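FYI, the numbering just counts along the sequence from 1. Because the structure is predicted, anything quoted here is derived from the model rather than measured. We count ligands from 1, going down the list as the structure has it; atoms in each ligand are counted the same way.
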Amino acid sequence: MYNAKAYAATSPTSPLAHTTIQRREPNEQDVQIEVLFCGVCHSDLHMVRNEWSSLMATPYPIVPGHEIVGRVTKVGSGVTKYKSGDLVGVGCMVDSDGTCPDCKDGLEQFCPNQVLTYAAPDKHLGGFTHGGYSESVVVDQRFVLSIPANLDPAGAAPLLCAGITTWSPLRHWGVTKGKKVGVVGLGGLGHMGVKFAHALGAHVVVFTTSPNKTADALRLGADEVVVSTNAEEMQRHTGTFDFILDTVSADHDVNAYINLLHRDGNMTLVGAPSKPLAIASFGLILGRRSLSGSPIGGIRETQEMLDFCGEHGITADIEVIPVQNINEAYERLLKSDVKYRFSIDMASLKAEKSATVEDEKELASSVK
Ligand code: NAP
Ligand code: ZN
């Protein structure tokens, strides 16, 4: 085991602050990675503040971060896919059983024994897994992705969650040239959804509550922008969409969007507001429309998405921040004030002093 600097929250109401965590020495199948950049996902905020307690209570202390890009620093004796110096990524998962039907289909995101990158029981060290707001991670090679060399590492980090979470449902629901596709919410996920839907050849309409994002939406690849608070503008699109991707992080009226689908159209939720949404049955019945959800994506599909990004030069639009600004960044996320993903420059962790022996004792007792 070795110590690594990290940022953690110790309760739903405490700010994230510097701490020291323990990482395992790489086992045979493990890759040790120096974290260069870590994207800031709204799920990090939901988890830090225990907003998904009905699904899973957040264990504290929590070190969030599942949009990791870094350099390989060491590999276990059985690692064949990577070597020291490679530029790699890690997303929302670090392990799965590898034997269930979902894993066999390359859909590890549905594996009942999947291990999330943070806040999941850690079978190696006990306690819980710790994420990418840290100087170093150690991950089984099966869950390490290769980052195309032409992509900027800071902008590539958000592909590991915001990228795959929007790519996977767009592909699953057959978004291609000739389809009319809506993207609801222009945040971290939404702006990647726009880039991908555009690159796949669809006619893309962005729905936003922020009129000041209109010019950006068009620049990112939207063909039209609708300010969703304008009922007349919404009305114009009734019954016309093949597919709508909803990325909104807070309570909102999904029925207004379901009514925009044409016959047999689908709306997929990737946004995960903490409160249940109200669904008007007739919106679905009339028109045989469907509403579904989608979690991240499998490892094979994530590599396909990264390779597609390499070929098309796609990365997230980012604002790079030092880790010391993370609490302010969370407040800005809540105000929809990010263009369009925060990416933490993990070199900023070096400025933090190493923990004292007392800190480490305290940590050892709390992390166990
Ligand atoms: P984000 O960057 O904060 O973007 C969310 C966007 O939603 C905002 O930019 C805003 O867009 C819109 N919005 C916010 N509050 C709203 C409200 N009250 N009414 C209407 N629109 C509102 O968040 P993110 O990182 O993209 O994540 C979005 C959601 O996806 C979160 O709930 C996150 O937990 C979830 N998520 C799910 C998965 C999955 O596997 N399914 C993976 C990652 C994240 P406008 O300003 O354009 O209106
Ligand atoms: Zn995420």
Colleague: Please report which non-hydrogen protein atom sits nearest to atom 5 (C) of ligand 1, along with the residue it belongs to and the distance in Å to one decimal place.
Modeller: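 Its nearest protein heavy-atom neighbour is Ser249 OG, 3.7 Å.
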Colleague: Please confirm whether Phe342 approaches ligand 1 to less than 4.0 Å, judged on its heavy atoms.
Modeller: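 Distance cut 4.0 Å: Phe342 fails for ligand 1.
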Colleague: Could you pull out the closest heavy-atom pair between Ala119 and Pro59, with the gap in Å?
Modeller: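 Looks like CB-CD, 3.7 Å.
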Colleague: For atom 26 (O) of ligand 1, which protein heavy atom lies nearest, and how many Å away is it?
Modeller: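 Sorting protein heavy atoms by distance from atom 26 (O) of ligand 1 puts Leu189 N, 2.8 Å first.
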Colleague: Testing the 3.5 Å rule here: is there a donor-acceptor pair between the side chains of Glu331 and Asn327?
Modeller: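 Judged by distance alone, the side chains do not pair up.
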Colleague: When you measure from atom 8 (C) of ligand 1 to every protein heavy atom, which one gives the shortest distance, and what is it?
Modeller: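 Residue, atom and distance for the closest contact: Ser336 OG, 3.5 Å.
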Colleague: Can you name the residues that form a side-chain hydrogen bond (donor to acceptor under 3.5 Å, both in side chains) with Asn266, not counting sequence neighbours?
Modeller: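 Residues passing side-chain hydrogen bond (donor to acceptor under 3.5 Å, both in side chains) with Asn266: Thr268, Ser290, Ser292.
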Colleague: Can a non-hydrogen atom of Gln109 be found less than 4.0 Å from any atom of ligand 1?
Modeller: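 Per 4.0 Å heavy-atom rule, Gln109 does not contact ligand 1.
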Colleague: Quick one: does Val338 get an N or O within less than 3.5 Å of an N or O on ligand 1?
Modeller: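 Looking only at distances, the answer is no, because the N/O contact criterion of under 3.5 Å is not met.
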Colleague: How about Gln32 and Glu25: does a side-chain donor come under 3.5 Å of a side-chain acceptor?
Modeller: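 Per modelled atom types, Gln32 and Glu25 side chains form no pair under 3.5 Å.
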Colleague: So that I can tick it off, tell me whether Lys335 and Glu328 are bridged by a salt bridge, with the cut-off set at under 4.0 angstrom between side-chain N and carboxylate O.
Modeller: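 Salt bridge absent between Glu328 and Lys335.
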Colleague: Identify whether the distance between the nearest side-chain nitrogen and carboxylate oxygen of Arg171 and Glu304 falls below 4.0 Å.
Modeller: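 No, Arg171 and Glu304 are not salt-bridged.
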Colleague: Write down the atom of Asp242, the atom of His262, and the distance for their closest heavy-atom approach.
Modeller: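 Residues Asp242 and His262, closest heavy atoms: OD1-NE2, 2.7 Å.
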Colleague: Among all protein non-hydrogen atoms, which one is nearest to atom 2 (O) of ligand 1, and what is the separation to 0.1 Å?
Modeller: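 It is Gly188 N, 2.9 Å.
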Colleague: Who's the nearest protein heavy-atom neighbour of atom 23 (O) of ligand 1, and how far?
Modeller: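 Going atom by atom, the protein heavy atom closest to atom 23 (O) of ligand 1 ends up being His42 CB, 3.2 Å.
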Colleague: Please give me the protein atoms (N, O or S only) lying under 2.8 Å from the Zn ion (ligand 2), ordered by chain and number.
Modeller: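 The answer is Cys41 SG, His66 NE2, Cys161 SG.
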Colleague: Polar contacts were defined as any N/O atom of the residue lying under 3.5 Å from an N/O atom of the ligand; does this apply to Ile296 and ligand 1?
Modeller: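 Indeed, backbone or side chain, Ile296 has an N or O that close.
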Colleague: Tell me the closest heavy-atom pair linking Ala199 and Ile314, and the distance in Å.
Modeller: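 That would be CB-CD1, 4.0 Å.
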Colleague: Quick one: look up the protein heavy atom nearest atom 44 (C) of ligand 1 and list residue, atom name and how far away it is.
Modeller: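 Sorting protein heavy atoms by distance from atom 44 (C) of ligand 1 puts Ser43 OG, 3.1 Å first.
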Colleague: Quick one: look up the protein heavy atom nearest atom 46 (O) of ligand 1 and list residue, atom name and how far away it is.
Modeller: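 Nearest protein contact, heavy atoms only, for atom 46 (O) of ligand 1 is Ser210 OG, 2.5 Å.
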Colleague: Please determine, by modelled atom types, if Gln29 and Gln141 share a side-chain donor-acceptor pair under 3.5 angstrom.
Modeller: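 Distance-only check passes for Gln29 and Gln141.
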Colleague: Quick one: do Asp317 and Arg219 make a salt bridge, cutoff under 4.0 Å?
Modeller: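 Judged by the 4.0 Å cut-off on N to carboxylate O distance, Asp317 and Arg219 do form a salt bridge.
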Colleague: Taking the inter-plane angle between the rings of Phe207 and His237 on a 0 to 90° scale, is it parallel (under 30°), tilted (30 to 60°) or perpendicular (over 60°)?
Modeller: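 Correct class here is perpendicular.
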Colleague: With nothing but distance in play, are any N or O atoms of Leu186 less than 3.5 Å from an N or O of ligand 1?
Modeller: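 Such a contact does occur with ligand 1.
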Colleague: Does any N or O of ligand 1 fall below 3.5 Å from an N or O anywhere on Tyr340, backbone included?
Modeller: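 No: no nitrogen or oxygen of Tyr340 is under 3.5 Å from one in ligand 1.
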Colleague: Please verify whether a non-hydrogen atom of Ser294 lies at under 4.0 Å from ligand 1.
Modeller: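 It does, in that a heavy atom of Ser294 comes within the 4.0 Å cut-off of ligand 1.
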Colleague: List the atom of Thr73, the atom of Ser84, and the distance in Å for their closest heavy-atom pair.
Modeller: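 Thr73 and Ser84 have their closest heavy atoms at O-OG, 3.2 Å.
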Colleague: Would you call Lys81 and Asp86 a salt bridge, taking side-chain N to carboxylate O under 4.0 Å as the test?
Modeller: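 So Lys81 does not pair with Asp86 through a salt bridge.
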Colleague: Write out the residue and atom name of the closest protein heavy atom to atom 30 (O) of ligand 1, then the distance separating them to 0.1 Å.
Modeller: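 Going by distance alone, atom 30 (O) of ligand 1 is nearest to Gly271 CA, 3.3 Å.
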